[in-house]
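Remarks on the structure that follows.
Throughout, a chain's letter reflects where its sequence line sits, starting with A, and its residues are numbered from 1.
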Amino acid sequence: MTAAGWTVSDDVVWAGEDTVRIYQLTTGQFQSLNGTGSSIWCLMAGGKETEQIAQELTNQLAGGDPAAYLEILSDVQGFLLSLARQNMVVANPGEKTDERRGRGNRTDEVVSRGAGAGRQ
Amino acid sequence: MHIADQIDDLTVPDDIVLFRTATRRLAMNSHLASWTTLTPEQDDLLCGLARGVRPTADGAGPFRSKRELDRALAHLVLNYLVYLPGWQPGEVAPKIRLNVVYYAITDGCNLRCPYCYDSSLRKLPGELKHEESLRLMEQIAETEAATVVFTGGEPMMRRDLFDVVRRARDLGLKTNIITNGTYIRNSEIAATMAELFDRITVSVDGGTLERHEATRGKGTFAKVVRGLTLLNEAGVAPVINHVVTSDNVDHMHEVAALGERFRIKHIRVQQHSDLGRGKDDHLTFEWDDYLKTDSFMWTEPNAKYLIDDSVKAVKPCAIKGNCGMGGNEIYVNSLGSVYPCKLVTGVGELAGNLRDAPLAELLRAPNMTELRESTVYGGSVHTDCSRCYIKGACGGGCRAFHMARSGDLRKNSRALCRILRHSQISTIWRALGADRALIEDPGAFVPIRPVDGSVHPVYEDWRGEQAMKTVEPTPSQRRLPIVAVSA
């Protein structure tokens, strides 16, 4: 299941708009995002859900083209899941998690959720 | 390695300043145009680091754990307020690529605006002929510039204007026009303009007949209203250019209301300057006038239509180092003379004439090279900017506006710097969602140096210039270099 909404991890400090710069408190690692990644990050950090982010990018990049939306949504979902795998973002409270699998690693839960429902 | 593990080797650059109000704190790195808000704990940490004090994470101070200290340090590092060991910002070089060519296709004008920077009157003898103008468009296209802005005088007075514009468009150039709007007489003309121009800018001096015609002349308000109406009917949302002066600054609400009356992109508010005929009109734009415009931007709902000349709340990726004259934009006058900027047309700033040399060669003229390569980080034009705490965002301001006040393109007007600095901080506070009460806090605009808590030395450098002005014996000497006035 792909989470509809994400939040910046409490283990992350970040800054920037056009180029988002990230520091992970757990590892001491710095990373920066490219322009598109930064756009997605800022929209996510501003409280937008995955579909809203995809729609906003579709409007900006493809004039709102519905076909492009599906492709962009898939890319946005993939990008946010990759951030989740790196413990940079977490699913919003209340998002459904696959507790039945009993996985202890929170990242794995997020990733596993991303493999299933929520696809357009 | 965590930042907290490197704390002994972290450095605080000299360019940092802090602005402290009762409720919020703002920090800026002037070199990189980076800014962010700080908590009191982050502020204390920054000042401590600047003074060589290294906090512990043992709970004795504000940080109960290494993680808390690391988080606070990360905020400072990520916003370029503290540098990691061995890290210094690279050289900031302007991105020099010709983008915009302003072409005064004629000096003839049907209006006699008292502050006209071009001092436009009648068509000058020796104006580039039709074929020469077409050839200019070809040369501009060969430079790979993106846009030609047709200006004047009044460009609509040139009978072959539309043919020259068509040629520019055929060559792939974007085409804009700056017009007084009085020649947009009917729907056919408006439709042609809609077809030919990517952007149409119409100059409006007031939102009422009385205000507009005080500078533009009798009968002009009805004509410009007709022009704006016809453009709207043709599907064009024009830009409105408005020169704000000591005489009309109290009536900005009338101009802003044009945003409700017409469909426009925005209203660009430019401050009056002593350029061209502006040297001899009675109009000014000084600190008190600026404060009125700043207040207007904070308080008036219709200010949403306005874009003023203030320094924008830029971030590091946007810094350019200079205004772009002679590099990103140039000016070609009606006679084919090439200058670095439409406002910088003194004899010493002439690159040459298109009748003597091709445009590509004139772009390489020594004065053009000097101007485009000088930045607030080094260069002969911006030496006065070297110590300023907004230099990265400001890029030195409009050099022509400095020149109009200081008498020298390469010398800053400290009165203008004062306006630029206030507007920069005001814009940042606005971008941070601050309210009116915050900017009325005395500390909101006072730059404090973290290294010793002192006020940044350039904050009040305008006072020295004002002191010199008070001994100015005659108005004519306002145009002389300040050094001469003070001598």
Beyond-backbone contact of A/Phe30 with B/Val77, side-chain heavy atoms, under 4.5 angstrom: yes
Within-4.5 Å side-chain heavy-atom neighbours: B/His75 and A/Trp14: no
B/His2 versus A/Leu25, closest heavy-atom pair with distance: NE2-O, 2.9 Å
Neighbourhood of chain A inside residues 45-55 of chain B, taking heavy atoms under 4.5 Å as contact: none
Chain A contact via B/Leu69 - side chain, backbone, both or neither, heavy atoms under 4.5 Å: neither
Does atom [atom1] of [X] have more than 12 heavy-atom neighbours from other groups under 6.0 Å away?
X        : atom1 : result
B/Arg263 : CZ    : yes
B/Asp435 : CG    : yes
B/Glu144 : CD    : no
B/Lys265 : NZ    : yes

side-chain contact (heavy atoms from CB on, under 4.5 Å) assessment of B/Leu73 paired with A/Tyr23: CA-CA 10 Å; B/Leu73 289 169; A/Tyr23 177 75; over 6 Å; no
Best-contacting candidate, A/Asp10, A/Thr26, A/Ile22, A/Thr27, against chain B by heavy atom pairs under 4.5 angstrom: A/Asp10
What pairs with [X] under side-chain hydrogen bond (donor to acceptor under 3.5 Å, both in side chains), at least two apart in sequence or on another chain?
X        : result
B/Asp198 : B/Arg169
B/Lys66  : B/Asp5
B/Asn232 : none

Lys/Arg-Asp/Glu bridge criterion (N-O < 4.0 Å) met for A/Asp11, B/Arg71: no
